[in-house]
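Here's the structure, in structure tokens; my notes come after.
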Amino acid sequence: VPAALTSARLHPAGFRPRTHRRFIDAPQGCHKEARHGGPMTRRKTLLINGALVGVLALIGGGTWFALRPASATGSSSTGTVRTATAIRATVLSTISAQGNVEAATTASPAFSVSGTVATVDVSVGDTVTIGQVLGTLDPADLQDAVTKAKEQLASAKQQLSTAALQRTSAQQSVDEAKAAYADVTTVTDPKTGTTTTSRRGTQSQITSSQAQLSNAQGQVTSATNAVSQDETALTTAEAAVGKAKLTAPIGGVVTAVSATVGSAVSTGTAGASSSAGSTAASSAASSSAAASTTAAGFATIEDPAKLQVRASFAEADAAQLSVGQVASVTFPAVAGVTVTAKVTAIAPTGTASNGVVSYAGTVTLDTRPDGVRLGQTASVSATTAEAKGVVSVPSNAVTVGTTTNGKTAGTVTVVAADGTQKVTNVTIGVQVDTSTEISSGLTVGDKVVISLDTSVGSVTSNQSGLGGIGGGFNGPPSGFGGQG
């Protein structure tokens with residue numbers, strides 16, 4: 001059947017098909033009218049898109065309404081305003097550091113005499129009391145020293161006796177020489193009548209005997225000094241026998257033993273250090289003397305009855321640290337334990353490490369906490385300033401000015417009941433990251449503007465709920481993130 005006839009049969013008179021002839025003549029499998037779509041299809045698409053845009057706009061508006069601050073007011077000129085209320089509170093300024101627990105009192109006793117170690121009577125971890133024997137030296141060595149000292153003294157006494165005899169003999173020679181010189185004989189010649197005088201001794205004999213006497217006296221003096229020295233040596237040697245035992249100068253726990261049986265020790269003194277002063281005044285406590293097998297002494301004893309923490313404070317924080325400040329100490333390895341303490345010493349010089357300077361500070365614990373052991377890590381928080389029961393606002397509500405005569409000026413923006421704002425001058429007291437003391441210029445209950453550029457700290461922001469969407473809306477929709 002011709003195409004024209006077919007068209008006339010299918011459509012009324014005067015109707016003109018919108019499709020091109022080439023589509024009518026085209027094979028049935030290639031008809032593409034659906035790709036162009038009709039008027040009804042486009043209207044449906046526009047209606048669906050419009051509905052989606054409306055739903056999204058409604059959800060966005062609801063989200064803003066739900067998340068807006070209750071106290072916020074908005075305008076094109078001022079933007080969002082967040083406020084906080086001045087309260088009465090305690091403002092604390094603290095600095096923190098970490099260190100290790102150690103005994104406030106330690107001792108490193110060492111033998112005060114030389115010898116060979118015969119016994120080591122303690123081990124690491126032992127608890128000792130004052131006077132308890134820590135170790136002994138071989139007494140044979142000390143007895144040998146006594147015997148040698150006695151022999152030396154006897155020899156010195158013999159030399160003194162010989163010198164004394166020589167002095168006596170020299171004195172006699174001087175006396176005889178003087179007597180001979182004084183013996184004068186006078187002879188007269190009978191023929192000539194000439195008188196001649198002669199002496200039995202000479203002056204030179206006197207001089208020579210006196211020189212011998214002086215030398216003998218010197219030998220006596222030297223021998224006398226030798227006897228005195230040897231007597232002292234004997235006394236020391238005899239006393240050393242009684243020092244062959246080393247005893248504990250303090251009670252506590254043995255934390256180190258450096259001596260071994262058979263090792264030689266030289267004369268040294270026991271080194272002891274008490275908590276506050278000496279240990280923290282330097283970055284590492286050092287015991288003087290104690291020259292035994294090691295510089296630490298025969299053993300190290302620490303008294304755990306009184307504990308302290310030596311912590312490293314940053315250079316900027318150390319400037320605020322002072323002796324007597326109150327501190328609190330916690331222990332990462334012992335949960336739930338907090339101990340009060342006091343700063344008892346600060347190092348006068350800093351220690352540099354990788355270009356960073358720190359200062360050692362000693363904090364002495366007021367009590368000994370259960371479960372805390374020597375050497376454990378401790379966190380120290382020292383209070384550098386405290387203001388109790390003062391007017392306080394968030395620190396990000398305060399603009400800090402200059403300090404004059406010890407008083408710091410600043411400003412806050414106060415929000416009145418009608419919403420108007422006024423910049424008010426205030427006097428600032430203690431300042432910390434989250435809150436600031438206002439000494440004057442504000443009263444409890446005043447509302448102040450806080451910055452939007454910094455965290456609010458402890459200030460809470462009330463939110464409004466929005467009902468009527470999906471059975472009730474009390475927060476951001478799922479997938480929008482929320483406030484975290």
Side-chain angles (χ1 to χ4, degrees), residues 109-118 136-246 262-271 288-293 295 297-298:
F111 286 103
S112 59
V113 295
S114 300
T116 302
V117 177
T136 61
L137 295 179
D138 187 352
D141 295 340
L142 301 176
Q143 290 294 350
D144 288 344
V146 172
T147 300
K148 290 180 180 179
K150 287 181 177 180
E151 292 175 351
Q152 188 69 25
L153 177 59
S155 175
K157 287 182 177 180
Q158 182 61 42
Q159 292 178 4
L160 175 59
S161 177
T162 300
L165 291 174
Q166 291 176 349
R167 183 185 61 183
T168 300
S169 176
Q171 184 63 55
Q172 290 175 353
S173 297
V174 171
D175 294 341
E176 291 174 356
K178 289 182 177 180
Y181 184 75
D183 187 5
V184 178
T185 302
T186 301
V187 179
T188 301
D189 189 345
K191 294 182 179 181
T192 61
T194 302
T195 301
T196 302
T197 302
S198 62
R199 295 178 181 274
R200 187 165 58 85
T202 63
Q203 183 63 46
S204 62
Q205 290 175 334
I206 295 176
T207 302
S208 177
S209 60
Q210 286 177 335
Q212 292 177 356
L213 176 60
S214 177
N215 182 58
Q217 183 61 48
Q219 291 179 351
V220 170
T221 301
S222 178
T224 301
N225 291 338
V227 168
S228 178
Q229 292 174 358
D230 290 340
E231 286 177 340
T232 301
L234 177 58
T235 301
T236 301
E238 290 175 338
V241 175
K243 297 179 181 179
K245 292 182 179 180
L246 180 65
S263 60
V265 296
S266 57
T267 303
T269 56
S288 64
S292 59
T293 50
F298 183 90

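Residues passing the salt bridge (charged side-chain N to carboxylate O under 4.0 Å, His left out) test with Arg199: none are found, sequence neighbours excluded. Not counting sequence neighbours, the partners of Ser204 by the side chain to side chain donor-acceptor pair (under 3.5 Å) test are Thr202. For Ala156, the side chain to side chain contact (heavy atoms under 4.5 Å, CB included) criterion is met by Ala226, Val227, Asp230, not counting sequence neighbours. Applying the side chain to side chain contact (heavy atoms under 4.5 Å, CB included) criterion to Ala118, with sequence neighbours excluded, gives Thr136, Asp138.
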Side chains of residues 187-194: which donor-acceptor partners sit under 3.5 Å, not counting sequence neighbours?
unit_1: Thr188; atom_1: OG1; unit_2: Thr195; atom_2: OG1; d: 3.2
unit_1: Asp189; atom_1: OD1; unit_2: Lys191; atom_2: N; d: 3.1
unit_1: Asp189; atom_1: OD2; unit_2: Thr192; atom_2: OG1; d: 3.2
unit_1: Thr192; atom_1: OG1; unit_2: Thr194; atom_2: N; d: 3.2
unit_1: Thr192; atom_1: OG1; unit_2: Thr194; atom_2: OG1; d: 3.1

Expected list for residues 160-172: side-chain donor-acceptor pairs under 3.5 angstrom, two or more places apart:
unit_1: Thr162; atom_1: OG1; unit_2: Gln158; atom_2: O; d: 3.1
unit_1: Arg167; atom_1: NH1; unit_2: Gln217; atom_2: OE1; d: 3.1
unit_1: Thr168; atom_1: OG1; unit_2: Ala164; atom_2: O; d: 3.0
unit_1: Gln171; atom_1: NE2; unit_2: Asp175; atom_2: OD1; d: 3.2

Below 3.5 Å, can you tabulate the donor-acceptor pairs from side chains in residues 235-245 to any protein atom, sequence neighbours excluded?
unit_1: Thr235; atom_1: OG1; unit_2: Glu231; atom_2: O; d: 3.0
unit_1: Thr236; atom_1: OG1; unit_2: Thr232; atom_2: O; d: 3.0

Give every donor-acceptor pair under 3.5 Å between a side-chain atom in residues 207-215 and any protein atom, sequence neighbours left out.
unit_1: Thr207; atom_1: OG1; unit_2: Gln203; atom_2: O; d: 3.2
unit_1: Ser209; atom_1: OG; unit_2: Gln205; atom_2: O; d: 3.1
unit_1: Ser209; atom_1: OG; unit_2: Ile206; atom_2: O; d: 2.8

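Checked by atom type and distance alone, the side chain of Thr224 pairs as donor or acceptor with a backbone atom of Val220 at under 3.5 Å.
Residues Val113 and Leu137 have side chains in contact (heavy-atom distance under 4.5 Å, counting atoms from C-beta outward). In this structure, the side chains of Val117 and Val265 come closer than 4.5 Å at one or more pairs of heavy atoms.
Here the closest heavy-atom approach between residue Leu234 and residue Ala149 is recorded as CA-CB, 3.6 Å.
For residues 200-209, every residue pair satisfying the salt bridge (charged side-chain N to carboxylate O under 4.0 Å, His left out) rule, not counting sequence neighbours, is listed here: Asp183-Arg200.
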